[in-house]
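Notes follow once the structure below has been shown.
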Amino acid sequence: MAAAAAVVSAAVYAADDSVKARIAPIGDVCMSGEDCAAAPAAPVASGPRSGVDVYNTSCMACHATGASGAPKLGDAAAWAPRVSKGMDVLYASAINGLNGVMPPKGMCMDCSDDELKAAVDHMLENSK
């Protein structure tokens, strides 16, 4: 009797593609030399990104919403005490982070220091 139940269970399992789909691997491994390994290379930046580009891709999440006390773009009063410390201090805060609230480089780890400075300049220019 147990053998018959096992045969019936195996037949039901084999016919049920939804079970196979649910337990299928999430991804595949592609080894060097296989056709799937010939994926196109990621595009290489043609030059430094503008302050606007860096702001839109990395800074906006906090500086558009004021998350964690970040001064909002356009809020001159919020930026004034920061600017009064001097641009070198402001740039250093953007590059190195500040008090565990502002992460180093605003989490843009592939941004150069000059790109981050351009983003700061963009925010200040639009917060007068």
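No hydrogens, no waters, no symmetry mates; every other heavy atom, side chains included, goes into these values.
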Q) What's the spacing between Asp88 CG and Lys117 NZ if we round to 0.5 Å? A) 7.5 Å
Q: Please check if Met60 and Met123 belong to a single hydrophobic cluster, counting links between Ile, Leu, Val, Met, Phe, Trp and Tyr side chain heavy atoms closer than 4.5 Å.
A: yes
Q.
Any heavy-atom pair between the side chains of Pro104 and Ile95 that's under 4.5 Å?
A. no
Q.
For Lys72 and His63: C-alpha separation, side-chain torsions, deciding distance, then whether side-chain contact (heavy atoms from CB on, under 4.5 Å) applies.
A. CA-CA 5 Å; Lys72 290 183 182 182; His63 288 282; over 6 Å; no
Q | Whether Thr65 side chain and Ala67 backbone form a donor-acceptor pair below 3.5 Å | A | yes
(Q) For a quick test of reading the model, state the closest non-hydrogen atom pair linking Arg82 to Gly69 and the distance between them. (A) NH2-O, 3.5 Å
Q) At their closest point, which heavy atom of Asp121 faces which heavy atom of Met87, and how far apart are they? A) OD1-CE, 3.7 Å
Q: State, without any angle test, whether Asp114 and Tyr91 hold a side-chain donor-acceptor pair at a distance under 3.5 Å.
A: no
(Q) Taking the basic N atoms (NZ, or NE/NH1/NH2) and the acidic carboxylate oxygens, is any pair closer than 4.0 Å for Arg49 and Asp110? (A) yes
**Q.** Partners meeting disulfide (SG to SG under 2.5 Å) with Cys108 (sequence neighbours left out)
**A.** Cys111
(Q) Does anything in residues 95-128 form a ring pair (Phe, Tyr, Trp, His ring centres under 6.0 Å)? List the pairs, not counting sequence neighbours. (A) Tyr55-His122
Q.
Please find the pair of heavy atoms, one from Gly74 and one from Ser127, that lie closest to each other, and give the distance.
A. N-OG, 2.7 Å
Q) Just wondering, more than 12 heavy atoms not from Met107 lying within 6.0 Å of its CE? A) no
**Q.** Atom pair CG/OG of Asn56 and Ser50 - distance to nearest 0.5 Å
**A.** 8.0 Å
Q | Greater than 12 external heavy atoms within 6.0 Å of Met31's CE | A | no
Q | All pairs passing side-chain hydrogen bond (donor to acceptor under 3.5 Å, both in side chains) where residues 96-106 contributes a residue, at least two apart | A | none
Q | Check: Pro81 and Lys85 side chains under 4.5 Å, non-hydrogen atoms | A | no
Q | Distance (rounded to the nearest 0.5 Å) between Glu125 CD and Leu73 CG | A | 11.0 Å
Q: I would like to know whether Leu116 and Val120 meet side-chain contact (heavy atoms from CB on, under 4.5 Å); could you show each step before the answer?
A: CA-CA 6 Å; Leu116 292 167; Val120 170; 5.7 Å; no
